Amino acid sequence: MTDRQPPMQDRTQVRRDIRRIKNLPTVPGIVAKISRMVENPETSASEVGRLISQDQVLSAKVLRMANSAFFGMSRKISSISQALVILGFEVVKGLVLTSSVFDMIQKSMAGLWEHSIGCAAASGAVATLLGRDDAEEILVAGLLHDLGKVVLALNLPEEMRQVAARVASGGVLFYEAEHEVLDYDHSELGQWLAEHWNLPESLAEPMRLHHRPEKAVLKPECTAIVHVADIIVRAKGFGNAGDLLVPPVSMAAWEMLGLRKTDFLPILEILEPKLASLCDITSIN
Ligand SMILES: [Fe+2]
Ligand SMILES: [Fe+2]
């Protein structure tokens, strides 16, 4: 392992690294198309459904997730149009995006896909306990929160090796090791990816701030839920977020959500059966 220069104290390093990333993952064409269609108020669910259904492999992956333990639907969703009506445009778009980047997540880091679906399930469990009507959207934010790690692993492999070595030597969290090696962490790479892909703030802010939820301003509760869910799923040992340690929960996030210590048990009661049945989407291929 080669030693790096001491971390720089300004943001030029992240900009420099981003310029180095040549094989920038492009936003899946279909996601861009759906976004354009959804912006048009004249677009109907069946038109969007027809577009997604043209890609049979993608549709099958989306339906597999829509029918998984994530959403706990009482009846089977058998078509994309039905998924659009039941789950809504934003959720289906998030599932299309997730299906499109699934291979990338799988290739980046062993256990990261499981961590992502576990965080999604935990986000849904916390949102359900809080009685939120946007639980499905928050769940999708949980699914995509660590996409910055995918960029790090696939595009900056030498830095990723150094980060992993620091984590393995003990005593530091993954994002702290990223700061030591890069002077920024995957949340900034996630922010950049979200901007590059023109993702909505409901996904971008939790990607950017899930380790600093007290800074969120646009969707603070959504970001706080993803933060809490990220910690819960690590504590449960489901998947691999790249850490040997479990970071502490931000008390500001916990209190902002109005959660009490006694809420932890009911969250686990919702979550545990979901985690047990998520095995069916540990691969969506
Ligand atoms: Fe993270
Ligand atoms: Fe995470």
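It should be emphasised that the depicted structure is a prediction, and the values quoted were computed from it without experimental measurement. Order of listing sets the numbers, starting from 1, for every ligand and every atom in it.
Within the cation-pi definition used here (under 6.0 Å to the ring centroid, within 45° of the axis), Lys149 qualifies as a partner of Phe174.
Note that CD1 of Ile80 and OG of Ser53 are 5.5 Å apart. Values are rounded to the nearest 0.5 Å.
For residue His115, an N/O/S atom approaches the Fe ion (ligand 2) to within less than 2.8 Å. Here His211 meets the criterion, with an N, O or S atom under 2.8 Å of the Fe ion (ligand 1).
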Run the salt bridge (Lys or Arg N to Asp or Glu O under 4.0 Å) test on Lys236 and Glu272 for me, step by step, so that the C-alpha distance in whole Å, both residues' side-chain angles and the decisive distance to 0.1 Å come before the verdict. CA-CA 9 Å; Lys236 290 293 297 171; Glu272 278 169 354; 2.5 Å; yes
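Environment of NZ in Lys219: sparse, with no more than 12 heavy atoms of neighbouring residues, nucleotides or ligands closer than 6.0 Å.
Among heteroatoms of the N, O or S kind in Asp230, OD1 lies nearest the Fe ion (ligand 2).
The angle that His210 NE2 and Asp146 OD1 make at the Fe ion (ligand 1), rounded to 10°, works out to 90°.
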